Amino acid sequence: MKKTDVSTYDHFLKVVDCQQACPAHTPVPEYIRLIADKRYSDAYLLNWQSNVFPGVLGRVCDRPCEPACRRGRVEEEPVAIFRLKRVTADLKDDISARLPKAPEHKNGKTVALIGAGPASLTVARDLVPLGYEVTIFDRDFKGGGMMRSQIPAFRLPESVLDEEIDYILNMGVKTEFGTPITSLHKLLKDNYDAIFVGTGAPKGRAINIPGVKEADAHIALGIDWLSNVSFGHNDKAPKRVVVLGGGNTAMDCCRTAKRLGGTDVKVVVRSSYAAMKASPWEKKDAAAEGIDIIVNHTPKEFVMKNGKFVGVAFEQVESIYDRGGNRVLKQTGKTLFVECDLVLVAVGQDTSFPWIERDIGLDFNEWGQPELNDKTLQSSIDKVFFGGDAAFGPENIITAVAHGHKAAISIDLFCQGVNPEQRTDSDFALISQKMGMHEWSYQNITDHEVRHAVPHISWEKAVKELATEVELGFDDQLALQEAKRCLNCDVHTVFTESTCIECSACDDICPVDCINFIEDIPDNTRPAQELLKGKLHLDKATDEQDYLISDKLKTGNIMVKDEDMCLHCGLCAERCPTGAWDMQKLTLSNVEATIK
Amino acid sequence: MSFAKSKFHHKNLPVNDLGLTYRDYEGAISTLCAGCGHDSISAAIVHACAELSIEPHKIAKMSGIGCSSKAPNYFLNNSHGFNTVHGRMPSVTTGANLANKDLTYLAMSGDGDSASIGLGQFAHVVRRQLNMVYMVANNGVYGLTKGQLAATSDRGVKNKIGDTSLFNDIDLCVMALQLGASFVARCFSGDKNQLIPIIKAAIAHQGFAFIDIISPCVTFNNHPGSTRSYDYVQEHVTARAVTDFVPIKEEINHEVPEGKFEDVCLHDGSIMRIHKLDANYDTTDRFKALQDVERHKAKGEILTGLLHLDPTAQHYHELNNTTDTPLNQIKQDLLCPGERVLSTINDSFR
């Protein structure tokens, strides 16, 4: 069989489920170990290096790491990675002195960043320490983009956001806030060496149904309404509010409306509860605050009575999935009328590029998105790069950060006259963690505790205060307990064929039966999973991980380890008499360069 | 530090008829040397018992003294056990077996415990055809006392410090065959595909089942010049048949191919299916088995697999016509009917 390629980091990085799932490849297990060591500042900086906004993301990240977490496969619930990230921000000391600074001598290159959201800020953070002169433009008067305008303060306190934005701006970024860019053509004439577009997806989608014109004064687009609340232009909501849509913006709208005086707040969504786009925890929190979520209803009409807006009429629908897995809504014939005074529309948002002239050589695709090189985020004008929601449509903050890193590398190469496709990959090292007979430099005893819940203020109090954060975060004790649940997937089981004596001690001790010694299969072409079916102790429980396949051993047999269920407990290495198994920690010299 | 094995197990782990996984048959984490063959034997016993769905409390683990005899601590945590005096395990097992014939007796002994201090006990328990599984973890060295030559060390081999074995070795399989054991096998700890089915068959077999398991001592007998090292055994091991164990409940629905296969029905109705690699292989012929072992040894090979099986042989309880009810379940007044009955019996002899 084809031996697993262990000459690159690809196999190993994939084994670290959380790190692989994080768009910015944050080295999660490493910072969790630092938390367990109470080295909060170090843990924060390790986070900051890859995801730039640990305090923000520790509160509002979409946390793709958690569904990926190995713990979810071997136990029930993943490690509360995102809660631990917040711990690093909450419990750190003053780290400002440890942050990189702009060099005294600049490199003479200038970069313009359009939009001051997470993508642009990441580009600035990556480029300023290299000597670039960076100017950041935004139509708002403060940086942060959607993190400030769309995320309410009860989920993300302004002070946390300000702190992390200031870390970047204080490095010496020139800011042009309150300055919307109205023409890319004009900006191109300003002779910046590179331009980065991080303007997000700022346009809320409207709903065109009967009555929309007549009821106009009672309908608002969710993101605009939230933005007005954030910037203090709006501090009241009527008693009866209906939110249309089932995403996280809808959840933020309904919870904000409740805090601004809404007593009867309903969310109406056309999908089923399970298919709602909002994160499960957002739905749970909204429900805990007493918000009704009415599912399977699509709006039919904004109803006026005697020239006065009275509410919204809905039709009940059923979600049916066709063979291609596409959702088709089928009307059941039942209707529903919901009385209300205000409708917040949160059914999606789009990018908006009216300020980019269509005749300046910047190509757009059929969906009105810029044509980009996936690898480099470069547009058809070679000095213009895109990132964040502006690049491929709405995603999330951590994806915007990853785009920022990727674009920063491209811009740096481009400004040096190198084709941005000629990127250097990250170096990697695997370092043995063995300290003695039964001693490892990591906690290898598997903790059997279940996931710890985060404490929060009482729901009664929560719905009264707009700027009071609901979640309290883990304290040091809870953090320590949760940190212990991490399986240290970045400490890899590394196998050396030449020293194995095939005693099967590792196979015997493995708690999850992932190690197998089998006869070699003379087939290099078909996929491993097909060839190995029925040949191992147990077939794969999930397809999330690959096999680690060895070269031929002395007897001609091969070793096949299923990475899927491995607990990284190191018992294989402890029971190995010859050190053929070793527990080695993966370190990448440049995490950003691994973002593909 | 990890002297604990995680309780987490693979999500696809099968459960047996009792709803237990093999993990429920495990013991304490082993304190034997890393890479010890005995740990592989423990693992094989765990799997065999789980696959046979034996209730753990219906098993008694019997052992004497030595690394091998420590091993029962590392399997079947919920079974009975007796760690006896050195070399005296057969006597204690005989007593236990007499009192309760309903238990499965799994005995784990070593080359010192059975071939040296316990040789006499070993010989007599074979003769008596006690219904038990007698396993010897044979590493050809006294590992617990730091590597002296054992009675099963081959003549001419050197131990780790360089002492040469001057004497002939004792081959326990040959002894068992001579003394009439009805089930004799030799296995290698590193080959579980062979070991597990043979342990299962030995448990199903009603009578004395002996398995000599070559189990390399990774610390004191794994050097060049040893004939019990992993390398040497892997290079010199040979088998004349591949055995598989088919439990009673599984229907055999495909025809046994002519010539190469042989099905042997065991006492309880389960089947040992033997895939012959050597056409002359015959498990019923005890004399041939004796010759084969010696011939292969003369060629420098280690013959493994099932060497001899006589499913019709009578075991100790049958030979003695003991009661069907285990003694521990017979009420005291019946078991010890008192002085009046005794004097009636005595009177009958006058």
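Please read these numbers as outputs of a predicted model, since none were measured by experiment. Protein chains get the first letters and strands the later ones, always in sequence-line order, with residue 1 at the start of each. Just so it is clear, the values below take in all heavy atoms, side chains as well, and ignore hydrogens, waters and symmetry mates.
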For A:Arg73, all residues meeting side chain to side chain donor-acceptor pair (under 3.5 Å), sequence neighbours excluded: A:Asp17, A:Glu544, A:Asp564
Top of A:His448, A:Met565, A:Gln443 for chain B proximity - count of heavy-atom pairs under 4.5 angstrom: A:His448
Within residues 7-16 of chain B, residues adjacent to chain A where the heavy-atom gap is under 4.5 Å: B:Lys7, B:Phe8, B:His9, B:His10, B:Lys11, B:Asn12, B:Leu13, B:Pro14
Heavy-atom contact with chain A under 4.5 Å, split by part of B:Asn193: neither
CG on B:Asp39 to CG on A:Asp507, rounded to 0.5 Å: 12.0 Å
Greater than 12 external heavy atoms within 6.0 Å of A:Lys14's NZ: yes
Whether B:Arg23 side chain and A:Pro511 backbone form a donor-acceptor pair below 3.5 Å: yes
Option that, when pairs with chain B are counted at under 4.5 Å, heavy atom only, ranks first among A:Cys506, A:Cys576, A:Ser504, A:Cys503: A:Cys503
Interface moiety of B:Phe188 toward chain A, non-hydrogen atoms closer than 4.5 Å: neither
Derivation and outcome, side chain to side chain contact (heavy atoms under 4.5 Å, CB included), residues A:Asp508 and B:Lys192: CA-CA 10 Å; A:Asp508 295 333; B:Lys192 280 202 210 62; 2.6 Å; yes
Residue B:Cys33 versus chain A: region with a heavy atom under 4.5 Å: backbone
Proximal to chain B - members of residues 492-502 of chain A, heavy-atom separation under 4.5 Å: A:Ile501, A:Glu502
Neighbour count >12 (heavy atoms, 6.0 Å) for atom CD, A:Glu76: no
Closest contact, heavy atoms only, B:Leu32 versus A:Arg575: O-NH2, 3.2 Å
A:Glu519, CD: over 12 other non-hydrogen atoms inside 6.0 angstrom: no
More than 12 heavy atoms from other groups under 6.0 Å of NZ on A:Lys484: no
Pairwise distance CD1(A:Ile509) to OG(B:Ser42) - rounded to 0.5 angstrom: 10.0 Å
A:Lys552, NZ atom: more than 12 neighbouring heavy atoms under 6.0 Å: no
With sequence neighbours excluded, residues passing side chain to side chain contact (heavy atoms under 4.5 Å, CB included) with A:Cys514: A:Cys510, A:Val512, A:Lys561, A:Asp562, A:Cys566
Whether A:Lys554 side chain and B:Asp231 backbone form a donor-acceptor pair below 3.5 Å: no
Minimal non-hydrogen separation, A:Pro577 against B:Ala34, with atom names: CB-O, 3.2 Å
For B:Ser6, the option from A:Thr446, A:Asp447, A:Leu487 that meets side-chain contact (heavy atoms from CB on, under 4.5 Å): A:Thr446
